[in-house]
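All values below were derived from every heavy atom in this structure, side-chain atoms included, with hydrogens, water molecules and symmetry-related copies excluded. A note on names: the letters A, B, ... follow the listed sequences, proteins ahead of strands, and every chain is numbered from 1.
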Number of protein chains: 2
Amino acid sequence: MITNNHSHHSGAARNGPPPTTVDTLRARGLKLTRPRRIILDVVRTTDAHPTAAFVYRRVRRRLPRVSLATVYRNLRLLAAEGLLAERAAADGMRFDGNTGTHDHFTCLACGRIYDVPARPQTAVRARMASSTGFEILDYRMEFYGRCGACRRRRGRSRLG
Amino acid sequence: MITNNHSHHSGAARNGPPPTTVDTLRARGLKLTRPRRIILDVVRTTDAHPTAAFVYRRVRRRLPRVSLATVYRNLRLLAAEGLLAERAAADGMRFDGNTGTHDHFTCLACGRIYDVPARPQTAVRARMASSTGFEILDYRMEFYGRCGACRRRRGRSRLG
DNA sequence: GGCTTAGTTGATAATGATTACTAATAACCA
DNA sequence: TGGTTATTAGTAATCATTATCAACTAAGCC
């Protein structure tokens, strides 16, 4: 469902600029194990910024004996390697297979987090940096509201 | 350190538009107890978006027998009443006495969260709404980088 | 000031998410 | 194929946050 350039069981590009998942890991002395590959794949093919528990459930379908600890350990590791993004939400950490620049929309009714295209705001960034003395390494916009699905089905929403 | 219109032991305005803390609470059948008043005051006079644990420590200086549960309970309640703002961070929930519109800068080195003035982006908001079908109720910008203090003192930072 | 009552507190148990630990296992490389 | 080393499954431990409940107190009223 998400288009990405990371070959899942390699193919593989012999000269291409984008390093494969295996390469990224190998470069750090890390192994691409079966649980790890599946965890990464689950996050990448899920659009709803899953929690660790959600990923665990999904991974178990393909690997019934996987441990919850393995899921946590790998989510953390893959995020540290830049193969995933992680963000804090009110109900715990959430993960994102989309590591490209983009913003987020959080539906206050269903809690789902949607990706929305980011627009570069270099002016804002520069002005911000010069007026505060901060070194701006990154920034993003967070939108809050109600998604299409939740606007239709009224009632039982977490909103007033 | 923060200028606010909420009189701590009332004075009080007899006609002014901004409702006092007591009024806001009373309107909901809530009482302004001593722990509650102190907790609110601590958050409002702290600039660093404190965690519950931080608030607890500060409150204990003035009210040694306060319970941690009381702190959590009130932070949640005060946020629900709109007297405080709360936001999720990687290390847990954080609270903010500044309920006005503003953006945030998170220092990746020391973890501190700074308020920065927000600039209204109604155009962005409208475009976003029409292109996605989402109902945008609110939005904010999050900046990440290194604050002035951390830029000076190099080393021992959480950054690479 | 005292009385009443409904919201609150302090103390602690309970819950839920995340992490640490360890013997056994599976990737990877020569 | 065999050895080395990262990794896993299972589970205990930790940490933040919430629930529970008897005792307390703020707020309204006389």
Start at the 5' end of DNA chain D and walk down; is the nucleotide closest to A52(B) or to L30(B) reached first?
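On the 5' side of the pair lies A52(B).
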Got a donor-acceptor contact below 3.5 angstrom from the D41(A) side chain to the R37(A) backbone?
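Looks like no, no N/O pair under 3.5 Å.
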Answer yes or no: does atom CZ of R125(B) have more than 12 heavy-atom neighbours from other residues, nucleotides or ligands under 6.0 Å?
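Atom CZ in R125(B) is crowded, with more than 12 foreign heavy atoms closer than 6.0 Å.
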Using atom [atom1] of [X] as one end and atom [atom2] of [N] as the other, report the distance to the nearest whole Å.
| X | N | atom1 | atom2 | value |
| --- | --- | --- | --- | --- |
| L25(A) | dA27(C) | CG | P | 14 Å |
| R76(B) | dT8(C) | CZ | C1' | 13 Å |
| L75(A) | dT18(C) | CG | C1' | 11 Å |
| R37(A) | dT8(D) | CZ | C1' | 14 Å |
| L78(A) | dT7(D) | CG | P | 10 Å |
| L77(A) | dA6(D) | CG | C1' | 10 Å |
| D91(B) | dC15(D) | CG | P | 14 Å |
| M93(B) | dC15(D) | CE | P | 19 Å |

Would you say that M128(B) contacts D103(A) through its side chain, given a criterion of any heavy-atom pair below 4.5 Å between the two side chains?
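Not in contact.
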Side chain to side chain, V59(A) and P35(A), heavy atoms closer than 4.5 Å
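Result no, sub-4.5 Å side-chain heavy-atom pair not found.
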Just the atom pairs and distances: protein N or O near nucleotides 28-30 of chain D's N or O, under 3.5 Å.
residue: dG28(D); atom: OP1; partner: R26(B); partner atom: NH1; Å: 3.4

Between R87(A) and E142(A), does any side-chain N to carboxylate O distance fall below 4.0 Å?
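Yes.
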Interface with DNA chain C, restricted to residues 58-74 of chain A and to heavy atoms under 4.0 Å
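Residues of residues 58-74 of chain A that come under 4.0 Å of DNA chain C are, in numerical order, L68(A), A69(A), Y72(A).
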Candidate nucleotides dA26(D), dA9(D), dT5(D), ranked by approach to the side chain of P35(A) - the nearest
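It is dA9(D).
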Taking only the side-chain heavy atoms of K31(B) (C-beta and beyond), determine which of dT9(C), dA6(C), dT17(D) contains the nearest atom.
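Among dT9(C), dA6(C), dT17(D), the one nearest the side chain of K31(B) is dA6(C).
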Whether F134(B) and F105(A) hold their rings parallel, tilted or perpendicular, with breakpoints at 30° and 60°
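F134(B) vs F105(A) ring planes: parallel.
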